[in-house]
A.B. asks: 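The structure is given below, and queries will be raised subsequently.
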Amino acid sequence: MARVFKTVTFLVLVFAAVVVFAEDYDVGDDMEWMRPSDPQFYVTWATGKTFRVGDELEFDFAAGRHDVAVVTKDAFENCEKEKPISLMTTPPVKIMLNTTGPQYFICTIGDHCRFGQKLSINVVGTGATPGAGGGAAPGAGGGATPAPGSTPGATTPTTPSGTTTPTGTTTTPAGNGASSLGGATFLVAFVSAVVALF
Ligand SMILES: [Cu+2]
């Protein structure tokens with residue numbers, strides 16, 4: 001029984017790690033971004049994958065042979081390449097997924113889109129508990145917002161002491177303290193995420 005519990009805990013931890021850490025996707029994997037022989041190639045590639053906010057798509061291709069256009073649903077379905085929302089021509093094209101909902105990409109070179117060089121994905125939220133997302137970004141000024149309860153009064157000189165010069169013992173190495181505090185915040189967020197899953 002204890003063994004089962006251990007296994008479940010492990011699986012939950014793995015799941016939590018997947019939730020917390022963003023993923024990078026190489027579009028098409030070994031085939032990269034090209035005109036596929038199978039028109040359904042990129043449909044198949046995207047099937048079964050869960051794209052989340054914070055994940056990154058990387059389109060690799062030979063410069064000049066292909067490009068990546070972000071387009072509307074209509075343009076995607078009809079392979080209209082005249083007015084893309086945005087067009088990237090220099091590989092590798094990296095696209096950070098920062099909004100939820102469907103996103104559409106096509107190649108505007110020749111008839112590549114009609115031959116299946118097009119990708120549609122649906123981006124979902126991170127799935128993490130609210131508040132945990134903030135801690136998931138280490139180093140992003142995490143030291144400014146210490147997690148409540150964690151490391152009580154460790155490096156937070158919030159008390160307005162009347163003396164003009166503080167002791168100055170551990171205040172100067174801000175970088176070191178900030179990073180360790182960020183790590184602690186991250187740990188708290190991680191643990192709370194795990195707890196929330198139970
Ligand atoms: Cu192409």
Side-chain angles (χ1 to χ4, degrees), residues 10-142 179 182 186 189-190 193 197:
F10 174 73
L11 288 175
V12 167
L13 282 170
V14 168
F15 179 71
V18 168
V19 167
V20 169
F21 297 109
E23 288 210 44
D24 290 347
Y25 291 99
D26 292 323
V27 175
D29 291 322
D30 288 345
M31 299 299 283
E32 299 185 339
W33 183 238
M34 48 92 205
R35 199 191 83 171
S37 52
D38 171 11
Q40 295 297 305
F41 177 77
Y42 291 102
V43 176
T44 305
W45 178 81
T47 299
K49 291 183 174 66
T50 302
F51 301 95
R52 298 179 187 279
V53 169
D55 290 353
E56 189 177 78
L57 296 182
E58 182 170 332
F59 296 79
D60 273 314
F61 53 92
R65 302 280 300 274
H66 306 283
D67 58 24
V68 179
V70 179
V71 296
T72 63
K73 184 172 189 280
D74 272 356
F76 174 83
E77 286 170 352
N78 301 310
C79 285
E80 291 166 8
K81 47 196 181 187
E82 286 75 25
K83 289 185 195 171
I85 296 168
S86 63
L87 179 67
M88 282 74 63
T89 57
T90 306
V93 171
K94 296 182 179 182
I95 294 184
M96 178 68 76
L97 305 176
N98 45 29
T99 56
T100 56
Q103 297 210 22
Y104 305 94
F105 308 94
I106 65 171
C107 175
T108 71
I109 306 290
D111 269 343
H112 295 189
C113 178
R114 295 197 183 284
F115 279 90
Q117 192 176 7
K118 56 199 293 191
L119 172 69
S120 69
I121 62 171
N122 187 50
V123 182
V124 299
T126 57
T129 53
S179 74
F186 174 76
F190 183 80
L197 286 167

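One-based numbering, in listed order, for ligands and for the atoms of each.
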A.B. asks: Restricting to N/O/S, name the atom of His66 that gets closest to the Cu ion (ligand 1).
C.D. replies: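 Atom name of the closest N, O or S in His66: ND1.
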
A.B. asks: Before moving on, can you tell me the angle at the Cu ion (ligand 1) between the SG atom of Cys107 and the OE1 atom of Gln117, to the nearest 10 degrees?
C.D. replies: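 It comes to 100°.
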
A.B. asks: For the Cu ion (ligand 1), find the closest N/O/S atom belonging to His112 and write down its atom name.
C.D. replies: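 Looking at His112, the N, O or S atom with the least distance to the Cu ion (ligand 1) is ND1.
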
A.B. asks: Please state whether the rings of His66 and Phe61 are parallel, tilted or perpendicular, taking 30° and 60° as the class boundaries.
C.D. replies: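 Rings of His66 and Phe61: perpendicular, as their planes differ by over 60°.
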
A.B. asks: Hey, what's the ring geometry for Tyr25 with Trp45, parallel, tilted or perpendicular (30° and 60° as the breaks)?
C.D. replies: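 Rings of Tyr25 and Trp45: perpendicular, as their planes differ by over 60°.
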
A.B. asks: List the atom pairs, with distances to 0.1 Å, where a side-chain N or O of residues 30-39 and a protein N or O form a donor-acceptor pair under 3.5 Å, not counting sequence neighbours.
C.D. replies:
from  : atom 1 : to    : atom 2 : distance (Å)
Trp33 : NE1    : Asp67 : O      : 2.8
Asp38 : OD1    : Gln40 : N      : 2.8

A.B. asks: Checking Ile95 against Phe105 for the side chain to side chain contact (heavy atoms under 4.5 Å, CB included) test, could you report, in this order, the C-alpha distance in whole Å, the side-chain angles of both residues, the deciding distance, and whether it holds?
C.D. replies: CA-CA 10 Å; Ile95 294 184; Phe105 308 94; 3.4 Å; yes

